[in-house]
Amino acid sequence: MSSFDEMDAFEGASLSARAMAARSMQYLDELNPAQREAVEHLDGPVLMLAGAGTGKTKALTARIAHLLNTGRARPNEILSVTFTNKAAREMKTRVGRLLGQPAEGMPWLGTFHSICVKLLRRHAELVNLKSNFTILDSDDQLRLLKQLVQAANIDDKRWPARMLAGVIDDWKNRALTPDKVPAADAGAYNNKGVELYAQYQTRLRELNTVDFGDLLLHMVTIFQTHQDVLEQYQRWFRYILVDEYQDTNVAQYLWLRLLAGAHKNVCCVGDDDQSIYGWRGAEVGNILRFEKDFPGAFVVRLEQNYRSTPHILAAASNVIRGNENRLGKELWTDAEGGHKVKLIGHWDGEEEARWIGEEIDALVSGTSRLAHGRKNVRSVSSEQESERRSKSEYNALKQLNLQENLGTSNLPEDQKEEIRNKFELDEIAILVRASHQMRAFEDRFLTIGLPYKVIGGPRFYERMEIRDAMAYFRLVVSPEDDLAFERIVNTPKRGLGDKAQQTIQMTARENGVSLVDGARIVVEQGLIKGKGGAALRQLIEGLARWNAMTRGPRIEVEDDSVIDDGAAPMRFGAPEHTHIELAQIILDESGYTTHWQNDKTPEAPGRLENLKELVNQLDNFENLQGFLEHVSLVMDNEKESDGAKVSIMTLHAAKGLEFPAIFLPGWEDGLFPSQRSMDESGIKGLEEERRLAYVGITRAEEVCTISFAANRRVFGQWQNSMPSRFIDELPEDHVEVLTPPGLYGGGQTSAGIETRAAEANVYNSPGWRRLQARQGQYGMSQPKETRNTVIDATALASFTLGERVFHQKFGYGGVIGIEGDKVEVDFDKAGTKKVVARFLSAKDDVPF
DNA sequence: ATGAACTTCTTTTTT
DNA sequence: AGAAGTTCAT
């Protein structure tokens, strides 16, 4: 590895400090006082507590510009870490714009993971890896663990490999190598957790592979055990910036502390109220503890919000106030007017989807009652929004038309009003708690022809055909990738079943070689007869041929010790085919393309389409290796957007985004807050759910509509539920309760006796009564008929001994005793419990 | 070895 | 309701 001096020799690189100094410092004038403090306080530890919509990214990018402008650091000496690729991209473009040139000179602006890959490639040998290690995806990880579990003779029914994966992930998040797992965790995974973890790590090394957690873990290990390496980077990264600090886990925290340990020029930006990744190992404690970790830290709060109307802010603030452990911030805004947060209840999930669909139509056509007088709050729109707006020519044109219409035309007042109130589809988003909620909306929007897109949905690179194709590429690039081999030996079908694959495995193991080499031996010795043998020979020969095509003559490059260039030190001459051609050749010659061409299922054409898209994407990369690495790190795909669409996404995926109009459906106890969260993490879990609610509300600029349904299909069975407890936490003065359609006895929704049963149940719930009380207060009419007859269908259900039943909290079980309305159940997972009958449903019995 | 019929279990959230 | 995994007949 390069020495320090060599790095220093790189002084004149990229943007020179002098060029920067010549630029104006105009960006400072655009900041408010708090932002400006955060930007100008360059040295020593800084904690920037930035509430939602307070111009955090603006401050962060201005800070980078200022570091460069004042000559504190060169672009490649600033380490700037984000969590998501999206955030990294945005930072890059905005820094670029600020500097008036592309931010290519900022090689260390990226996600934790992408930066760690770069570092680890340079120091792989220190943790017994080769620098061309591959990165495992979760699919492969699971397959590998399954093998280990089976080899250890563990019943993977009782102890699923998934669970082991979770345990190991958790340890890695806490920066624990197998030898450091505390005794308290020894019982994990049936006492075998630690042992299997160690085996897993060994296996990964054998395969020259790392999983996601390893990227951080290995670097922490290296920094902890190789002082010289650490010091080198401590000196190189003169300034460190961290975005979304509240989401860091222990490993990331250690990594940062090690790197910042010498100069402590670290600026962490975050919002404890937006910490929503605790389940993934994020430690809110990191941000709460910052001042202790870095004594003398300069703490600055950004509290002026540029995004939302006062009503929306008030609603969000009131909800988050319910949390105990916060650093405490109060958002405020200059803006005035705007709409109250809307609240509406529905009969069931489908009706909720239908209603939202109609409201979106109304918003788009300018006739929505949700958004009268939109113009009043336009001035509030934040920077991000105006950027988005200016990006879209279509929108710009529309703005022009709008002004023309308002100013010069003789349109009647009401028509002008309509134009004023119009929203674009891409200004509207639906944020759900759990992704299964999306289906109702997709179904509905498809039938009414409303254009929508699912953000962060099933990802391009996670599709079966893409992963298959990638496995071929991987195998061609690195023939020792056994996992890739396993994936594609019999895809497309080659007549190589379990038995044939076992033969290959055994041969490989006996000879101590990779599966590809094992298979080659199998072919040479003719261990597999007939069709399968011939097909295997063809595959092996193909792999060798394609592998040869990846490179021309090999060229040794002298160690280029340039620290800010992540490229591997070995290069090859120009191959005969471009990697794009090669990819096509691989897919065609392996028979994979044909496989889908012959497939009669309706999704086959789409899959072929995706494969084509995959090959097209290769154009953006120099070679297959580069592409593969990109994919393993950047699993998201920016789909080409043809025309404006409504966005549907999870609340988690919505963090960092904003929309003029937001719909928040499914606010029902058990769904949101999620039952599982509360069961697993108690108060902590509930508080995280509440932060999620806060994140959701604060995404809205002008219109925020919260809704809940009395009935919802869960696992194919109807369940009724109470409005979310968070609804109680909304401040009445800032909420308008809309009258649910179908409440007046009539309507499409009441369907006979079943309706009555469920209505009785829900309308007697405390949540519903609260809602009704509120409606009265707002002068809205009561339902014509108040039904007090309690006919609770589920309570009437009788159970028999031995019957299979389901409980929402405890899962499946068998009935072992009955006492009145209490039933004793031996649950598969939760043990024996006595529960009230109405919380149980017969396994094959629909409650209504 | 393969596909069709049958089962079991799922639902958080993701770099 | 649907995916994913299992079993069974070809």
Side-chain angles (χ1 to χ4, degrees), chain A residues 81-88 110-117 135 137-138 142 146 156-157 160-162 165-166 169 172-173 211-216 243-244 247-249 251-252 275-282 349-350 431-440 443 455-459 461-462 464 490 492-501 528 530-532 535 601 632-636 649-655 666 670-681 685 688-689 691-692 695-696 712-719 804 806 808 811-812 828-829 843-844 846:
Chain A
V81 218
T82 65
F83 269 83
T84 64
N85 295 297
K86 201 167 59 190
T111 63
F112 274 103
H113 298 273
S114 66
I115 287 171
C116 279
V117 172
I135 303 163
D137 60 47
S138 54
L142 208 58
K146 227 172 230 166
D156 65 345
K157 274 269 161 32
R162 256 204 122 71
D169 261 6
K172 289 190 175 175
N173 284 338
D211 66 17
F212 253 79
D214 280 339
L215 293 173
L216 261 300
D243 196 8
E244 307 281 13
D247 289 336
T248 47
N249 61 32
Q252 289 156 339
S275 163
I276 54 176
Y277 286 108
W279 52 273
R280 207 174 69 190
E350 278 162 41
L431 312 184
V432 297
R433 176 62 184 83
S435 44
H436 70 264
Q437 290 172 264
M438 292 180 181
R439 180 180 297 154
D443 283 354
I455 310 272
R459 298 169 186 192
Y461 295 117
E462 277 171 9
M464 184 206 317
N490 204 26
K493 299 269 179 288
R494 296 191 171 88
L496 297 164
D498 282 350
K499 203 154 154 265
Q501 292 187 39
I528 296 174
K531 226 173 112 199
T601 54
S632 46
L633 288 174
V634 186
M635 291 288 278
D636 64 347
M649 66 188 100
T650 63
L651 287 162
H652 284 86
K655 192 162 76 157
L671 178 59
F672 188 42
S674 131
Q675 192 61 48
R676 188 164 159 186
S677 252
M678 294 187 291
D679 290 347
E680 283 176 4
S681 317
E688 183 153 313
E689 295 287 308
R691 292 192 290 267
L692 215 35
V695 167
R712 200 174 283 280
R713 231 203 303 243
V714 180
F715 302 151
Q717 290 189 253
W718 284 99
Q719 302 253 185
R804 230 22 216 156
F806 176 80
Q808 180 152 39
Y812 289 91
D828 298 351
K829 287 181 183 145
K843 199 183 153 299
D844 297 310
V846 179

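Chain letters run A, B, ... following the sequence lines, proteins first, then strands; residues in each count from 1. Only a predicted model underlies this, so the values are computations on that prediction, with no experimental measurement involved.
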For A:Glu689 and for A:Thr84, find the nucleotide of DNA chain B with the closest heavy atom, then tell me which residue's nucleotide is more 5'.
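Nearest nucleotide further toward 5': that of A:Glu689.
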By nearest nucleotide on DNA chain B, pick out whichever of A:Glu680 and A:Phe83 is the more 5' one.
A:Glu680
Would you indicate which nucleotide in [options] comes nearest to any side-chain atom of [X]?
{"X": "A:His113", "options": "B:dT14, B:dT15, B:dT10", "answer": "B:dT15"}
{"X": "A:Phe715", "options": "B:dT15, B:dT14, B:dT11", "answer": "B:dT11"}
{"X": "A:Arg280", "options": "C:dG2, B:dT13, B:dT15", "answer": "B:dT15"}

In this structure, how many angstroms lie between the [atom2] atom of [N] and the [atom1] atom of [X], rounded?
{"X": "A:His436", "N": "B:dT11", "atom1": "NE2", "atom2": "P", "value": "10 Å"}
{"X": "A:Arg433", "N": "B:dT14", "atom1": "CZ", "atom2": "P", "value": "9 Å"}
{"X": "A:Lys146", "N": "C:dT6", "atom1": "NZ", "atom2": "P", "value": "7 Å"}
{"X": "A:Leu671", "N": "B:dT13", "atom1": "CG", "atom2": "C1'", "value": "12 Å"}
{"X": "A:Asp247", "N": "B:dT13", "atom1": "CG", "atom2": "C1'", "value": "12 Å"}
{"X": "A:Lys655", "N": "B:dT15", "atom1": "NZ", "atom2": "P", "value": "11 Å"}
{"X": "A:Leu142", "N": "C:dA4", "atom1": "CG", "atom2": "C1'", "value": "12 Å"}
{"X": "A:Lys172", "N": "B:dT14", "atom1": "NZ", "atom2": "P", "value": "21 Å"}

So A:Trp279 and A:His652, would you call those rings parallel, tilted or perpendicular, with 30° and 60° as cut-offs?
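Because their plane-to-plane angle is over 60°, the rings of A:Trp279 and A:His652 count as perpendicular.
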Taking only residues two or more places apart in sequence, or in another chain, which ones meet A:Glu688 in a salt bridge (Lys or Arg N to Asp or Glu O under 4.0 Å)?
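If we apply the salt bridge (Lys or Arg N to Asp or Glu O under 4.0 Å) test to A:Glu688, skipping adjacent residues, the hits are A:Arg691.
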The criterion is salt bridge (Lys or Arg N to Asp or Glu O under 4.0 Å); which residues satisfy it with A:Arg494, sequence neighbours excluded?
none
Applying a 4.0 Å non-hydrogen cut-off, can you work out what A:Phe112 is touching in the nucleic acid: base, sugar-phosphate, or nothing?
nothing
Report which part of the nucleic acid A:Ser138 touches: base, sugar-phosphate, or nothing (heavy-atom distance under 4.0 Å, all strands).
nothing
With stacking defined as ring centroids separated by under 5.5 Å and planes differing by under 30°, is A:Tyr277 stacked against B:dT13?
no
Looking at A:Ser677, I'd like to know whether one of its side-chain N or O atoms comes within less than 4.0 Å of OP1 or OP2 on B:dT13.
no
Between the protein and nucleotides 1-7 of chain B, list the N/O to N/O atom pairs that are separated by less than 3.5 angstrom.
unit_1, atom_1, unit_2, atom_2, d
B:dA1, OP2, A:Asp498, N, 3.2
B:dT2, OP1, A:Gly495, N, 3.1
B:dT2, OP2, A:Asn490, ND2, 3.1

Determine the sole option in A:Thr84, A:Thr650, A:Asp247 for which the side chain to side chain donor-acceptor pair (under 3.5 Å) test with A:Lys655 is passed.
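So, applying the side chain to side chain donor-acceptor pair (under 3.5 Å) to A:Lys655 and each of A:Thr84, A:Thr650, A:Asp247, only A:Asp247 qualifies.
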Are any side-chain N or O atoms of [X] and backbone N or O atoms of [Y], one a donor and one an acceptor, separated by less than 3.5 Å?
{"X": "A:Asp214", "Y": "A:Asp211", "value": "yes"}
{"X": "A:Gln501", "Y": "A:Leu496", "value": "yes"}
{"X": "A:Asp169", "Y": "A:Gly213", "value": "no"}

Nearest-angstrom distance, P atom, B:dT11 to C:dT6:
16 Å
What I'd like to find out is whether the side chain of A:Val432 reaches to under 4.5 Å of the side chain of A:Met649, using heavy atoms alone.
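A:Val432 does not reach A:Met649 side chain to side chain.
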